[in-house]
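Residues take their numbers from the sequence shown, with the count starting at 1. Computed over heavy atoms, backbone and side chain alike; hydrogens, waters and symmetry mates excluded.
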Amino acid sequence: MIIEPSTDGRGRVTLVGAGPGDLGLLTVRGLREIETADVIVADRLGAAAVLDQLVAERGIPLSAEIIDVGKQPGHHRVTQDEINALLVRLAHAGRRVVRLKGGDPYVFGRGGEERDFCRSRGVPVDVVPGVTSAASVPARAGIPLTHRGLASAFTVATGHDQIREIGGGRDHTVLLLMGVGTLAHSAMILARGDRGADCPVAIVEDGYGPRERSTFATLGTLAAVAAERGIRSPAVVIVGDVVRLSPDAPPELSAAFHLPAAADLPAATDLSAATDLSASSGAALQGAL
């Protein structure tokens with residue numbers, strides 16, 4: 001690898017979220033950083049797909065050098081320590097470095113670790129948020145994370161976390177990332193709580209990718225269904241009653257499901273009253289200053 005300095009001689013690192021792997025979901029700021037980078041240090045999931053789509057759309061290669069540091073489950077050919085050192089070495093050589101990460105750099109992306117390592121060695125760091133797969137992949141399957149009268153909170157965790165500490169019932173949506181290898185254990189733990197074995201579950205494999213597929217089950221049947229279907233990473237697991245809202249949910253999950261009647265839902269906020277209150281509060285504040 002040849003390290004050449006940028007024209008202005010000032011090296012820096014920008015952590016850019018590539019989103020779930022669809023060029024259309026890359027932010028405008030992220031695109032600008034990619035187009036002006038000297039070097040792009042890219043992940044496997046999301047990032048590589050976005051770069052391929054960008055090159056295909058432009059019809060010409062990117063001017064930046066691209067370094068692949070992608071990790072696969074159980075195989076990290078470039079360790080995190082090596083990635084950290086690489087970012088600093090490139091920046092110290094005066095390069096404008098984009099660290100392109102799938103999803104959002106700060107959602108299970110180790111973005112905070114890379115930021116702190118670079119800053120501790122005098123390298124300026126900026127962060128461009130990305131569209132996290134925790135929200136975009138369920139949306140792809142028509143599953144909202146919250147829904148008025150049905151689910152008012154959600155938790156994002158990995159399959160490696162101590163998920164027994166996640167509280168709530170099926171009105172509290174749970175998103176599991178990197179959880180395919182521990183599906184049976186996760187389902188068993190979550191079913192023991194208030195959610196119960198008949199709580200709906202959806203697994204969306206390879207969201208926005210060529211292998212995209214949705215599978216539906218319950219916590220009680222998840223292990224068997226996943227084995228039968230040959231579920232593979234990458235995948236997002238969605239647990240909770242919101243799964244029933246997917247247009248692809250099977251009849252046995254959605255047939256007995258009814259949204260709460262309008263009379264049972266909380267009254268909508270009176271926006272006009274809120275506006276009047278805001279105006280009067282602002283006037284009172286100005287009078288007090």
Is there a donor-acceptor pair under 3.5 Å between the side chain of [X] and the backbone N or O of [Y]?
{"X": "Asp43", "Y": "Leu45", "value": "no"}
{"X": "Arg229", "Y": "Ser214", "value": "yes"}
{"X": "Thr218", "Y": "Cys199", "value": "no"}
{"X": "Lys101", "Y": "Gly17", "value": "no"}
{"X": "His147", "Y": "Leu245", "value": "no"}
{"X": "Asp171", "Y": "Ala151", "value": "no"}
{"X": "Arg12", "Y": "Arg96", "value": "no"}
{"X": "Arg195", "Y": "Gly168", "value": "yes"}
{"X": "Gln53", "Y": "Leu23", "value": "yes"}
{"X": "Thr79", "Y": "Glu82", "value": "yes"}

Shortest non-hydrogen contact between [X] and [Y], atoms and distance:
{"X": "Ser152", "Y": "Thr146", "result": "C-CG2, 4.1 Å"}
{"X": "Val128", "Y": "Gly30", "result": "CG1-N, 3.8 Å"}
{"X": "Leu176", "Y": "Ser186", "result": "CD1-CB, 3.9 Å"}
{"X": "Pro20", "Y": "Val131", "result": "CD-O, 3.7 Å"}
{"X": "Ala249", "Y": "Arg244", "result": "CB-O, 4.0 Å"}
{"X": "Ala91", "Y": "Val97", "result": "N-CG2, 4.1 Å"}

- Task: Go through Arg29 and Asp126 one step at a time and tell me if the salt bridge (Lys or Arg N to Asp or Glu O under 4.0 Å) criterion holds.
- Result: CA-CA 12 Å; Arg29 169 76 188 282; Asp126 198 3; 2.5 Å; yes
Taking a hydrophobic cluster as the set of Ile, Leu, Val, Met, Phe, Trp and Tyr residues connected by side-chain heavy atoms closer than 4.5 Å, whether directly or through intermediates, do [X] and [Y] fall within one such cluster?
{"X": "Val125", "Y": "Phe117", "answer": "yes"}
{"X": "Val88", "Y": "Val98", "answer": "no"}
{"X": "Ile163", "Y": "Val201", "answer": "yes"}
{"X": "Leu15", "Y": "Leu26", "answer": "no"}
{"X": "Ile166", "Y": "Val237", "answer": "yes"}

- Message: Checking side-chain contact (heavy atoms from CB on, under 4.5 Å) between Arg99 and each of Val127, Ile83, Asn84, which is the one that passes?
- Response: Ile83
- Message: I need the single residue from Leu51, Ile67, Val16 that forms a side-chain contact (heavy atoms from CB on, under 4.5 Å) with Ile40. Which is it?
- Response: Leu51
How long is the gap from [atom1] on [X] to [atom2] on [Y], to the nearest 0.5 Å?
{"X": "Leu175", "Y": "Thr132", "atom1": "CG", "atom2": "OG1", "value": "8.5 Å"}
{"X": "Leu183", "Y": "His185", "atom1": "CG", "atom2": "NE2", "value": "11.5 Å"}
{"X": "Ile143", "Y": "Asp248", "atom1": "CD1", "atom2": "CG", "value": "8.5 Å"}
{"X": "Leu190", "Y": "Arg170", "atom1": "CG", "atom2": "CZ", "value": "12.0 Å"}
{"X": "Asp241", "Y": "His172", "atom1": "CG", "atom2": "NE2", "value": "13.0 Å"}
{"X": "Leu222", "Y": "Ile231", "atom1": "CG", "atom2": "CD1", "value": "8.5 Å"}

- Item | Test salt bridge (Lys or Arg N to Asp or Glu O under 4.0 Å) applied to Glu113 and Arg110, step by step | CA-CA 5 Å; Glu113 297 175 35; Arg110 307 191 77 165; 3.0 Å; yes
- Query: Does the pair Asp68 and Arg44 meet the rule for a salt bridge (Lys or Arg N to Asp or Glu O under 4.0 Å), with working shown?
  - Reply: CA-CA 7 Å; Asp68 179 9; Arg44 178 179 67 97; over 6 Å; no
- Step by step, would you call Val242 with Phe154 a side chain to side chain contact (heavy atoms under 4.5 Å, CB included)? CA-CA 10 Å; Val242 291; Phe154 66 89; over 6 Å; no
- Beyond-backbone contact of Val204 with Pro138, side-chain heavy atoms, under 4.5 angstrom: no
- Message: Contact between Val236 and Ile203 at the side-chain level, heavy atoms closer than 4.5 Å - yes or no?
- Response: no
- Pairs involving residues 213-226, ordered by first then second residue, that meet salt bridge (Lys or Arg N to Asp or Glu O under 4.0 Å) (sequence neighbours left out): Glu205-Arg213
Check this for me: [X], atom [atom1], are more than 12 non-hydrogen atoms of other residues, nucleotides or ligands nearer than 6.0 Å?
{"X": "Arg232", "atom1": "CZ", "value": "no"}
{"X": "Glu228", "atom1": "CD", "value": "no"}
{"X": "Arg119", "atom1": "CZ", "value": "yes"}
{"X": "Asp194", "atom1": "CG", "value": "no"}

- Query: Can Arg58 and Val55 be said to form a side chain to side chain contact (heavy atoms under 4.5 Å, CB included), step by step?
  - Reply: CA-CA 5 Å; Arg58 291 160 52 105; Val55 170; over 6 Å; no
- Message: Regarding Ser133 and Ser136, do their side chains bring together a donor and an acceptor under 3.5 Å, going by distance alone?
- Response: no
- Please lay out, stage by stage, how Leu54 and Ile34 fare under the test side chain to side chain contact (heavy atoms under 4.5 Å, CB included). CA-CA 10 Å; Leu54 182 57; Ile34 289 172; 3.9 Å; yes
- CA sep, side-chain torsions, deciding dist, call: Glu252, Phe216, side chain to side chain contact (heavy atoms under 4.5 Å, CB included): CA-CA 10 Å; Glu252 58 267 27; Phe216 296 85; over 6 Å; no
